[in-house]
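This report concerns only the one structure given below.
Just so we're on the same page: letters track the sequence lines, and every chain starts at 1. None of these values were measured; they are calculated from a predicted model.
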2 protein chains.
Amino acid sequence: MAATEPQRVRAPNMRDVAQLAGVSYQTVSRVVNNSPALRDETRERVLAAMEQLHYRPNRAARALKTSRSRMIGVLASVRATYGPALTIQAIESAAMAEGLYVSTAHITEVDTETISAAIDRLIDQDVEGLIVIAPQQRVFDTLAAMSDLPPTVTLRSGLDGDPRALWVDQMAGARAAVAHLAEQGHEYIRHLAGPQDWIEADARMQGYLLELSDRDLPTLPPIRGDWTSDFGYYAGRELMVVRDCTAFFCSNDEMAFGVMHAAHELGLDVPGDISVVGFDDVPSARHYWPPLTTVRQDFDELGRRCVRMLVDGTDASPGDVEPQLVVRASTAAPRRR
Amino acid sequence: MAATEPQRVRAPNMRDVAQLAGVSYQTVSRVVNNSPALRDETRERVLAAMEQLHYRPNRAARALKTSRSRMIGVLASVRATYGPALTIQAIESAAMAEGLYVSTAHITEVDTETISAAIDRLIDQDVEGLIVIAPQQRVFDTLAAMSDLPPTVTLRSGLDGDPRALWVDQMAGARAAVAHLAEQGHEYIRHLAGPQDWIEADARMQGYLLELSDRDLPTLPPIRGDWTSDFGYYAGRELMVVRDCTAFFCSNDEMAFGVMHAAHELGLDVPGDISVVGFDDVPSARHYWPPLTTVRQDFDELGRRCVRMLVDGTDASPGDVEPQLVVRASTAAPRRR
DNA sequence: CGTGCGGATGTGAACGACCACATCCCGCAC
DNA sequence: GTGCGGGATGTGGTCGTTCACATCCGCACG
């Protein structure tokens with residue numbers, strides 16, 4: 001039997017295409033980068049050859065020569081939560097539209113070591129830009145201490161003068177939530193805050209405190225939670241025995257779910273005995289029982305803006321993406337006052 | 001003023017490091033790839049030089065030469081849902097441990113065009129492996145029609161002979177859920193299925209049908225939903241007017257939430273009048289009111305296995321990752337029979 | 001005291017693409 | 001008919017790394 005053609009393991013080359021099309025590799029390059037200086041007939045021929053060989057430009061070679069990786073990095077914490085996950089998705093699809101690739105790294109611990117390892121991991125990939133949606137203070141501190149960072153866009157919750165930060169007015173959202181409760185006649189409003197070190201958590205807590213003081217309402221010391229519904233549940237159980245408040249403003253929806261669970265279990269009616277407000281508007285919030293009053297955030301728009309800021313190099317218009325209060329059945333006037 | 005040193009925009013090189021350390025670039029290469037054939041003293045010297053220059057190996061150049069990108073791709077659909085998001089997270093952290101990078105592409109539409117565009121996007125990045133957690137039939141069809149795919153691991157819900165598929169026995173999970181309801185005395189059990197084309201949805205539906213027929217219980221025609229709690233809510237409202245069943249088995253937790261919302265609104269007691277079972281065990285399921293009986297999936301383990309299969313080239317042991325029934329308060333014996 | 005051997009290090013040639021420049025060709029004006 | 005200009009195409013060098021091979025050195029052995 002005749003010797004078979006040695007199978008080609010190597011992916012086809014610009015030179016392979018060039019040879020097949022009867023032109024030089026440079027002409028192929030021009031076709032790939034669609035240069036205008038090409039006769040139509042030549043372009044057709046090259047395109048046909050590329051098609052025939054299933055030619056794909058080698059990204060590594062291109063990156064090496066141009067020193068552009070066309071990749072952006074996303075630094076996130078615990079992605080499984082609704083907000084970050086949605087934001088990442090939006091970032092990715094916006095990036096795709098710009099012809100960019102996305103690599104993500106998320107941090108499960110918030111120690112400096114883990115954080116800088118994650119960032120290193122992204123930088124190792126030659127990311128051309130960095131989007132940080134890990135809103136913990138320590139992340140920003142670590143970031144600030146690193147040199148040679150690519151252009152970076154961060155999400156912030158308060159004004160701190162950084163023009164490269166996309167600012168979401170968490171405080172305004174929190175104030176709206178508290179104002180809503182106050183206007184319904186609640187005087188004693190409890191706050192379940194997010195963890196120490198989370199910037200959003202602090203901003204929401206600030207909003208809570210400010211709104212109360214503006215209205216001359218009594219301030220109950222906020223309780224630091226960990227975002228989980230488990231925490232909301234156990235905290236709720238303890239606090240509702242005391243009954244020193246008629247409403248809860250929780251720093252996210254999960255904790256609000258936990259609180260409502262506790263209320264139900266103790267035979268308290270929501271909103272009759274206790275009103276509850278969350279933050280985020282996760283998809284099941286509207287179908288919780290009772291449906292949860294919460295503050296909606298437009299994570300989708302957020303992701304899109306991040307990419308736009310990175311690509312255009314523009315600065316953010318502060319407070320652009322406003323959270324919005326969504327009133328549902330979990331809040332009502334307090335039964336007794 | 002004297003002319004300043006022209007600032008070096010170029011990142012430091014192997015040659016730069018070599019020069020500083022007084023060795024050849026090849027020696028630097030050996031240090032980077034920690035070759036054993038090096039005197040300790042030399043290695044130290046090179047490491048010091050690398051440190052001093054903040055040297056980072058150029059990934060593009062390395063990829064070009066070795067034709068290994070050290071990147072794997074993940075194809076997912078709508079990431080914002082709990083399961084996929086968690087799986088991706090697990091994949092990423094397992095990949096990190098293997099020194100691999102991860103790039104994701106997710107598809108929002110399920111037409112062939114979008115799917116193959118997403119895959120192309122991954123292949124363009126020279127991914128060395130592909131993990132598919134988009135469990136729609138059409139995705140697999142599109143995949144099968146494409147040539148030149150890198151090694152691929154997929155998630156399947158049923159046995160179909162593909163050794164490179166990680167098999168999660170959705171059917172068993174569904175059967176356990178239905179069995180639980182039946183053993184509590186329910187005779188009329190309704191199924192809210194997932195959308196057409198989703199393999200998991202079909203597997204769960206099969207499980208439902210099989211378990212009922214094994215037990216000689218009447219089969220009510222399953223309703224095709226879209227995974228959203230909105231759908232569960234509207235479907236629940238319609239179906240509960242009819243009251244032709246005492247229990248609902250929903251193909252995911254979200255739809256179950258919607259159904260319970262509808263029940264509450266209609267003044268029906270869960271589980272007194274109606275029992276409800278979900279699927280996934282999302283974090284808030286345990287704190288819904290009443291806490292939701294559901295089928296837990298170990299997405300974390302799933303993600304880790306995917307990576308291991310890809311890296312080791314091993315096949316899956318079928319049915320390894322078993323979903324587990326978690327009984328909570330949303331199910332009880334029917335009040336009337 | 002030369003030979004050989006093995007461990008440590010250096011050298012040339014890729015990998016695949018892009019850039020700057022050189023070359024070619026053809027039509028048009030002088 | 002020669003020169004010239006400009007549009008189309010080809011050639012060398014380079015990006016930073018790795019691979020295969022060459023070289024060097026010192027020491028043990030015959």
Side-chain angles (χ1 to χ4, degrees), chain A residues 8-50 53-71 99 101 123-126 128 148, chain B residues 8-50 53-71 99 101 123-126 128 148:
Chain A
R8 162 187 295 254
V9 286
R10 188 170 61 75
N13 223 341
M14 269 200 169
R15 289 184 156 78
D16 298 329
V17 175
Q19 190 170 7
L20 181 60
V23 295
S24 80
Y25 57 84
Q26 175 58 11
T27 303
V28 178
S29 172
R30 279 191 254 270
V31 172
V32 170
N33 299 297
N34 42 28
S35 142
L38 275 178
R39 265 189 317 166
D40 283 350
E41 191 265 338
T42 313
R43 184 192 314 277
E44 298 299 331
R45 207 142 35 95
V46 171
L47 284 174
M50 290 187 353
L53 293 178
H54 290 106
Y55 169 74
R56 283 175 189 276
N58 182 313
R59 216 171 78 89
R62 178 180 275 181
L64 173 59
K65 182 60 190 166
T66 62
S67 57
R68 293 210 45 188
S69 63
R70 308 208 59 75
M71 172 116 85
Y101 304 103
I123 295 184
D124 280 346
Q125 297 176 70
D126 300 317
E128 291 180 32
D148 300 325
Chain B
R8 160 187 298 254
V9 286
R10 186 171 62 77
N13 224 342
M14 271 202 170
R15 289 184 155 79
D16 299 330
V17 176
Q19 191 170 6
L20 181 62
V23 295
S24 79
Y25 58 85
Q26 175 59 8
T27 302
V28 178
S29 171
R30 278 192 255 269
V31 172
V32 170
N33 298 297
N34 42 30
S35 142
L38 274 178
R39 264 188 318 165
D40 283 350
E41 192 263 339
T42 314
R43 185 193 313 277
E44 298 299 329
R45 206 143 34 97
V46 171
L47 284 174
M50 288 185 357
L53 294 177
H54 290 109
Y55 170 74
R56 283 176 189 276
N58 182 313
R59 216 172 78 89
R62 178 180 278 181
L64 172 60
K65 184 58 193 172
T66 62
S67 57
R68 294 210 40 185
S69 63
R70 306 208 60 76
M71 173 116 86
Y101 303 103
I123 294 183
D124 280 345
Q125 297 176 72
D126 300 317
E128 291 179 34
D148 300 326

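Residues L64(A) and A61(B) come closest through the heavy atom pair CD1-CB, 3.7 Å. Taking every heavy atom of both residues into account, V23(A) and V28(A) meet most closely at CG2-CG2, 4.1 Å. Across N58(B) and D126(A), no two heavy atoms sit closer than the pair OD1-OD2, 4.3 Å.
Taking side-chain N and O atoms only, N13(A) has a distance below 4.0 Å to OP1 or OP2 of dA17(C).
Taking atom CE on M50(A) and atom P on dA17(C), their separation rounds to 11 Å, with Å as the unit. Counting to the nearest Å, the C1' atom of dC26(C) and the CZ atom of R39(A) are 11 Å from each other. Atom C1' of nucleotide dG16(C) and atom CG of L53(A) are separated by 15 Å, given to the nearest angstrom.
Between the CE atom in M71(B) and the OH atom in Y101(A) there is a gap of 9.0 Å [rounded to 0.5 Å].
Rotation axes derived from the C1' atoms of the five outermost pairs at either end of the helix from dC1(C)-dG30(D) to dC30(C)-dG1(D) lie 70° apart, to the nearest 10°.
Applying the side chain to side chain contact (heavy atoms under 4.5 Å, CB included) rule to A63(B) yields the partners A60(A); only residues at least two apart in sequence or on another chain are considered. Not a single side-chain hydrogen bond (donor to acceptor under 3.5 Å, both in side chains) links R59(A) to another residue, sequence neighbours left out. When the side-chain hydrogen bond (donor to acceptor under 3.5 Å, both in side chains) test is applied to D124(A), the partners found at least two apart in sequence or on another chain are R56(B). Under the side chain to side chain contact (heavy atoms under 4.5 Å, CB included) criterion, Y55(B) pairs with M14(B), V17(B), V32(B), M50(B), P57(B), sequence neighbours left out. Looking at residues two or more places apart in sequence or on another chain, you find a side chain to side chain contact (heavy atoms under 4.5 Å, CB included) between Q26(B) and S24(B), S29(B), R30(B). With sequence neighbours excluded, the residues that form a side chain to side chain contact (heavy atoms under 4.5 Å, CB included) with R43(B) are V31(B), N34(B), L38(B), D40(B), L47(B).
A heavy-atom distance below 4.0 Å to DNA chain C is reached by these residues of residues 56-66 of chain B, ordered by number: L64(B), K65(B). Only V23(A), S24(A), Y25(A), Q26(A), T27(A), R30(A), listed by number, bring a heavy atom of residues 23-36 of chain A to less than 4.0 angstrom from any atom of DNA chain D.
Nearest-nucleotide positions on DNA chain D for R45(A) and R15(A) put R45(A) closer to the 5' end.
Looking only at side-chain heavy atoms (C-beta outward), D148(B) and I123(B) stay at 4.5 Å or farther from each other.
Counting any heavy atom pair closer than 4.0 Å across all strands shown, S67(B) reaches no nucleic acid atom.
The list of side-chain hydrogen bond (donor to acceptor under 3.5 Å, both in side chains) pairs with a residue in residues 60-70 of chain B, not counting sequence neighbours, reads R68(B)-E128(B).
Side chain of R45(B) to backbone of A21(B): a donor-acceptor contact under 3.5 angstrom is found.
Chain A approaches DNA chain D over the interval dA8(D) to dG16(D), counting the first and last nucleotide 5' to 3' with an atom under 4.0 Å from its heavy atoms.
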